[in-house]
Amino acid sequence: MEPLHTYTKTELTDLIVGKLRRNFGRDVDEATGAHMFKACALVLRDIMSAHELETEDRVKDTHARQVHYLSLEFLMGRSLMKNAYNLGVVEPLTEAIEGLGFNAADLFETEPDAGLGNGGLGRLAACYLDSMTTLDIPARGYSICYELGIFKQKIVDGQQVELADNWLGLGDAWLIPKVDETETVHFGGKVKEQWDENGRHRVVYEGGTDVLAIPKDMEIAGYGTDHVNVLRLWDAKSPVPVDMSLYSRGEYLKAVEQQAMAEVIAKVLYPDDNHYEGKSLRLKQQYFFVSATAQSIVRKHRVQYGTLRNFHQKHVIQINDTHPTLVIPELMRILLDEEGYGWDEAWHIVTHTVAYTNHTVMIEALERWPQELVSTLLPRIWEIILEISGRWQNRLTEAFHGDMSKVEHNAIVWGGDVRMANMCVCTCFAVNGVSALHSDILKKDLFRDLYQLTPEKFQNVTNGIDHRRWLSECNPKLDALIRDCTGGDDYLLRPDALKKLEQFQDDAGVLSRLQQIKAENKRSFAAYVARESGILLNTDAIFDVQVKRLHEYKRQLLNVLHIIYLYQHIKNDPHFQFTPRVFLFGAKAAPGYAVAKQIIHLINSLAATVNADPACKDRLQVVFLENYRVSLAEKLMPASELSEQISTAGKEASGTGNMKFMMNGALTIGTLDGANVEMHEVLGDENIFLFGLKAHEVQELRHRGYKPYEYYMHSGDLKAVLDQLTRGFDDGVSYTDITNRLLFGAGGSADEYLLLADFESYRAAHQRAGQVYLDQRQWNRVSLLNIARSGIFAADRSIRDYAGNIWKVPTKEL
Ligand SMILES: *Cc1c(COP(=O)(O)O)cnc(C)c1O
């Protein structure tokens, strides 16, 4: 690898001072932390901009195939440290900042998280941008420039309160508006077909509204390369200026209204994770972003190649879940209506361009848009969808020999709905799940018939994480140990090199250093929590952590039931053997998800009772961490010892939190779900605490008829725990609703996620974990093996899989 140009402390100091003067009209001694942050961001942006232009030229000259990664979410977190790290300037930048009289650590902390995502799906997209760039793939991400990202969570009287996340004040330092690349997106109106004077078929719209899509580009630096890619975030603006002349005609408000209607499109990220809401504004967001994106890709392609005939050879569009599905009919529209292609040729191009990643098999998360909404909002797109759907139905009828139940099940437009997942499988040249188990379930269950029809489309790409951010950057002490053991920083570009750590599994010196690092990280995290909330964590106890979105299928409630069990035994059984634990939770609940909010309240009620009880002193502590987000996860992962990955088997598509914990040396207590299955494969039974029903056993139990009440009747422990839920805790709040859901169901089936069925097995797994922890030598050995074998969960590996098996683009050779 040719050495990259780097910057010295002096050079960076001069650049920062220059930015302060020119952009903010200030000398260093008048600059606030915010000015300083922005100046640093602008300096790094300039460096990346220069690289981006070179990258663009290179892509153009080589006629390389480009990857377009479409996602309604990119949970980027902070960028200053990330960009400095990838550009190789962390040290000189830190020194420059300190030299100018600022505390570098504090400065990095002033950056707001770019929270343009809900959880795992959005964070995955962010990790993939890093890896695609690091591997020199010509790639772009596309999304919406939400003014408000995922809400900020406050806990008030034990309950979640949502606050607006106005990230753009400082966060826009990274965004470069490209006004000259504005696209226009059309909504509503009526479709009219005409033939122009040359006899050409023309589709025109009567009425409706236009919305301008203005790109705000965020540059993405790769690690150890000059390659720079771009995340293009579309902002929405009305093309109609507020026309003061309308005011006198009483239409001023109308003009303002239209402007507000356009701009509301990019106002806010929908805070639902793994849940479909059929909201009209959400559909507008989806079309707005895919239409602008498709037009932008086509426009650039036309400039370079003068034809769209080779479009599918030069581009692949990867869609992250079904949220960007409308890019399919939108590309068809452009090819048919604007380029004048016939249906078959357009279809050939589109079906060789778009690939689909499925992220869930849960029915409530699958998008099915009411045709009424689609046809009103997007009349031309609706016509195209109907045509796709009709042709598809003919094909299904033929393939399934008229088996109408199969035709119905796999149809695109049916019963007044447009079923996005079916449209994707019909159209896309590749369909992938995100872990081995999940991809298997897609073939056997969700898309069973379509797998029979087109088995060659179905693939697996197990998710991965950016191990540079999630290990090296956030856990510098562990990074240092790895360098010492593996002979350098090779692992940063070859995550498999982590394997070399295995040689040290019996090395007392290395194991004790690993233990010391974890202890120091626990103390730093405890100091952070003390500063933020005043709570003092017991750093001698196991840090047992469950952080992820709050969802019933993720079973935070199972964790709670177990803590209540422990609490009762600590209180009632003087001989109870138990390794002291601090249970840490972090989770946002979708604002409209009442049960999830109740569970947050419950965790806080339980925490208040446990933490105030002298019987629990030094033995049991429960803490709910407010506002779980990327920057909090970066502090927490290095300090975690036990990772709770306890979803009902078959429900979690992959999980990526599980990988972050593993890489930071936490041991996992988990079910055989999502990527936990692959973690177990590399670790073996002895290095992971598995429990619970397997995916097929879950199905069998449901088939036999699951009766949670019987578990309640036959287990004294479970009965005591559930009765306590009904009674409530010291704050006097009763959780009868939750008990009732578990025992009798409410609307749905009782204990839908099989908590009671898995409780005893979970309890036993916890006991095993507690036992191993007493033997620190053994615990550290297992921790080391977890780190050593986590290399396959690097996003670099996932991206090489996508590049080789789906995108067919070359990646950097090492
Ligand atoms: C990694 C991550 C997630 C995903 O966690 P899972 O346990 O896989 O659901 C969610 N939120 C944030 C902030 C993350 O960093």
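Atoms within a ligand are numbered from 1 in the order they appear, just like the ligands themselves.
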Is [X] in contact with ligand 1, taking contact as a heavy-atom separation below 4.0 Å?
X    : value
R549 : no
K554 : yes
W470 : yes

So, do W234 and F289 have ring centers that fall under 6.0 Å from each other?
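Aromatic pair excluded; centres sit 6.0 Å or further apart.
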Is it true that H766 and F689 have ring centroids separated by less than 6.0 Å?
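That pair fails the under 6.0 Å test.
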List every atom of ligand 1 that sits less than 4.0 Å from any heavy atom of [X], numbering the atoms from 1 in the order shown and giving each element.
X    : answer
K660 : 1 (C), 2 (C), 3 (C), 14 (C), 15 (O)
G120 : 3 (C), 4 (C), 10 (C)
G119 : 10 (C), 11 (N)

Please assess T357 against Q318 for the test side-chain hydrogen bond (donor to acceptor under 3.5 Å, both in side chains), listing each intermediate value before the final yes or no.
CA-CA 7 Å; T357 303; Q318 186 70 44; 2.8 Å; yes
Under 3.5 Å side-chain donor-acceptor pair for [X] and [Y]:
X    : Y    : value
Q160 : Q153 : yes
Q645 : N676 : no
Y491 : D479 : yes

Contact (N/O only, under 3.5 Å) between [X] and ligand 1:
X    : answer
T656 : yes
G655 : no
R629 : no

Please report which non-hydrogen protein atom sits nearest to atom 5 (O) of ligand 1, along with the residue it belongs to and the distance in Å to one decimal place.
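Answer, as residue, atom name and distance: G657 N, 3.7 Å.
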For atom 12 (C) of ligand 1, closest protein heavy-atom neighbour
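Result: Y628 CE2, 3.6 Å.
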side-chain contact (heavy atoms from CB on, under 4.5 Å) partner of Y356, chosen from T325, T322, I806:
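Looking at T325, T322, I806, the match for Y356 under the side-chain contact (heavy atoms from CB on, under 4.5 Å) is T322.
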Sub-3.5 Å donor-acceptor pair from the side chain of E697 to the main-chain atoms of K694, do we have one?
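The answer is yes, because a donor-acceptor pair under 3.5 Å joins these two groups.
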From atom 7 (O) of ligand 1, work out which of R469, K548, K588 has a heavy atom at the shortest distance.
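Among R469, K548, K588, the closest heavy atom to atom 7 (O) of ligand 1 belongs to K548.
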